2 protein chains.
Amino acid sequence: MRLSTKGRYGLRMMLDLALNYERGYILMKDIARRQEISERYLGQLVRLLKTSGLVKSLRGAHGGYALTKSPTQIRLSEIIRVLEGSVAPLECVDDLDLCNRASRCAARDIWKKIKEAMENILESTTLQDLVEQQTGKQQFQETMYYI
Amino acid sequence: MRLSTKGRYGLRMMLDLALNYERGYILMKDIARRQEISERYLGQLVRLLKTSGLVKSLRGAHGGYALTKSPTQIRLSEIIRVLEGSVAPLECVDDLDLCNRASRCAARDIWKKIKEAMENILESTTLQDLVEQQTGKQQFQETMYYI
DNA sequence: GACAATCCCGATAATTTTAGTAGGAATTGG
DNA sequence: CCAATTCCTACTAAAATTATCGGGATTGTC
């Protein structure tokens with residue numbers, strides 16, 4: 001049940017863009033450095049997010065990437081859907097026709113329940129929620145530093 | 001976020017054993033036929049479950065497999081733990097030391113929350129719950145059959 | 001004791017997915 | 001024009017997954 005690096009890195013990239021939302025367009029180079037991820041690979045992932053309309057970009061000198069809307073308006077479910085597709089643990093949860101036993105399979109029901117629980121969390125959390133959590137942590141750490 | 005066939009097939013096998021709990025030792029051949037899964041491969045998986053104490057076996061003629069305890073006493077979390085290991089979407093959720101940014105990473109917190117939600121469902125569901133759900137469905141289908 | 005049925009074990013092969021890398025084209029500001 | 005940057009497609013190496021295979025060990029039955 002592991003998430004791939006697409007979802008893992010992609011969410012971190014989006015959080016990075018959210019933290020720098022006020023600064024306008026952000027260089028991929030800088031995101032990659034802060035997140036310690038290959039710039040080329042992140043570049044590939046960000047294009048998925050751009051195609052789906054969550055991110056916009058400017059080419060050429062002074063180019064970069066930015067969120068298309070405020071972090072308060074971006075739910076994690078949107079991000080993960082783009083990068084990972086459905087969070088269903090099994091394909092048959094999304095598509096009954098894939099398995100002819102699906103309609104009478106109690107095992108499937110459990111995976112469906114789990115999918116719904118995951119979706120519920122991702123749906124009810126926005127990038128802004130993560131931003132606040134992260135900045136809160138940092139302040140706490142800075143405080144602790146002086147004790 | 002896909003489950004591997006280990007967890008998928010393994011849970012179905014355990015449900016099959018639960019449905020046939022009263023009949024004593026069950027042939028792998030029969031489980032494989034009912035579940036439409038390679039007998040050899042299922043044989044491999046059942047050994048994991050045996051080693052971990054959820055299943056017992058008899059060799060030789062009239063051999064087979066059976067649950068070591070009642071379906072009411074087997075939580076899905078036990079089964080999945082054996083077959084899939086942790087359900088954590090990322091390793092850093094289980095082991096802070098794997099990533100030096102973990103303590104100040106808001107993204108990680110979300111995956112942790114999701115892990116806990118999944119665990120909660122698997123922990124609070126027993127094989128018996130699935131048995132009842134499945135037999136209920138079958139009765140419903142049989143009823144519908146005559147309409 | 002021979003035999004058939006069954007579980008047991010380790011090796012390995014085939015397939016798919018993942019996680020990138022590479023090369024270069026297109027765009028833009030200065 | 002040039003440097004910086006995004007954009008696009010193809011390729012590849014490694015890892016994980018999903019089995020398959022051959023043969024050994026055990027047991028009940030005749």
Side-chain angles (χ1 to χ4, degrees), chain A residues 1-13 16-17 20 23-33 35-68 80 83-86 89-91, chain B residues 1-13 16-17 20 23-33 35-68 80 82-86 89-91 99:
Chain A
M1 285 292 279
R2 288 285 192 273
L3 200 71
S4 77
T5 53
K6 279 191 190 176
R8 179 153 101 228
Y9 294 168
L11 179 58
R12 270 163 59 189
M13 173 164 50
D16 194 292
L17 285 174
N20 294 287
R23 300 192 193 174
Y25 287 83
I26 306 296
L27 292 183
M28 177 51 61
K29 200 197 314 184
D30 292 339
I31 301 177
R33 183 174 35 72
Q35 299 299 326
E36 302 173 278
I37 301 170
S38 149
E39 187 182 339
R40 287 280 202 165
Y41 191 44
L42 266 191
Q44 227 174 93
L45 302 187
V46 82
R47 261 169 269 146
L48 296 173
L49 293 161
K50 198 194 157 188
T51 304
S52 69
L54 292 173
V55 166
K56 59 189 176 181
S57 68
L58 279 188
R59 302 173 73 164
H62 296 281
Y65 295 93
L67 301 178
T68 54
I80 297 305
L83 297 168
E84 297 276 334
S86 167
L90 301 182
E91 290 188 30
Chain B
M1 285 290 278
R2 288 285 192 274
L3 200 71
S4 77
T5 54
K6 278 192 192 176
R8 179 154 101 228
Y9 295 167
L11 179 58
R12 270 163 57 190
M13 173 163 51
D16 195 294
L17 286 174
N20 293 287
R23 299 191 196 175
Y25 287 84
I26 306 295
L27 293 184
M28 177 50 62
K29 200 197 315 182
D30 292 338
I31 302 176
R33 183 173 37 72
Q35 300 299 325
E36 302 173 275
I37 301 171
S38 148
E39 189 181 335
R40 289 279 204 166
Y41 190 44
L42 268 190
Q44 220 175 101
L45 302 187
V46 82
R47 262 170 270 149
L48 297 173
L49 294 160
K50 198 193 157 188
T51 304
S52 70
L54 292 173
V55 166
K56 59 188 175 180
S57 68
L58 278 188
R59 304 173 73 165
H62 297 281
Y65 296 93
L67 301 178
T68 53
I80 297 305
V82 170
L83 297 168
E84 298 275 334
S86 168
L90 302 182
E91 290 188 33
C99 177

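Side-chain atoms are counted along with the backbone in the values below, which use heavy atoms only and exclude waters and symmetry mates. Chain identifiers are assigned alphabetically (A, B, ...) following the order of the sequence lines, protein sequences preceding nucleic acid strands; residue numbering begins at 1 within each chain. Small disclaimer: the values here were computed from a predicted structure and weren't measured.
Closest of all the heavy-atom pairs between Ala66(B) and Gly24(B) is CB-O, 4.0 Å.
Rounded to a whole Å, the CZ atom of Arg8(B) is 10 Å from the C1' atom of dT18(D). Rounded to an integer number of Å, the gap from Tyr41(B) OH to dT15(C) C1' is 12 Å. Counting to the nearest Å, the P atom of dT17(D) and the CG atom of Leu48(B) are 13 Å from each other. Computed from coordinates, the Glu91(B) CD to dA15(D) C1' distance equals 13 Å when rounded to whole Å. Rounded to a whole Å, the CG atom of Leu90(A) is 11 Å from the P atom of dT18(D). Following rounding to the nearest Å, Lys29(A) (NZ) and dA3(D) (P) show an atom-to-atom distance of 14 Å.
Interface residues of residues 57-68 of chain B facing DNA chain D, ordered by number: Arg59(B), Gly60(B), Ala61(B), His62(B); criterion, heavy-atom separation under 4.0 Å.
Checking side-chain atoms of Arg12(B) against main-chain N and O of Gln35(B) turns up a donor-acceptor pair under 3.5 Å. For the pair Arg47(B) (side chain) and Gly43(B) (backbone), a donor-acceptor distance under 3.5 Å is present.
Nearest nucleotide to the side chain of Ser4(A), out of dT6(C), dA19(C), dT5(D): dA19(C). In the set dA19(D), dC7(C), dC7(D), dC7(C) carries the atom at the smallest distance from any side-chain atom of Leu27(B). Closest approach to the Arg40(A) side chain among dC8(D), dG20(C), dT6(D) is made by dC8(D) (side chain taken as heavy atoms from C-beta onward).
Phosphate proximity of dA19(D) to Ser38(B): absent, as no side-chain N or O sits under 4.0 Å from OP1 or OP2.
The residue Lys50(A) sits close only to the backbone: its heavy atoms come under 4.0 Å of sugar-phosphate atoms, none of a base. Among the atoms of the strands shown, none is found under 4.0 Å from any heavy atom of Tyr25(A).
Of the listed residues (Val55(B), Leu54(B), Thr51(B), Ile31(B)), just one forms a side-chain contact (heavy atoms from CB on, under 4.5 Å) with Val46(B), and that residue is Val55(B).
Residues passing the side-chain hydrogen bond (donor to acceptor under 3.5 Å, both in side chains) test with Glu36(B), sequence neighbours excluded: Arg101(A).
Proximity of Met13(A) to Leu49(A): side-chain heavy atoms (C-beta onward) are separated by under 4.5 Å at one or more points.
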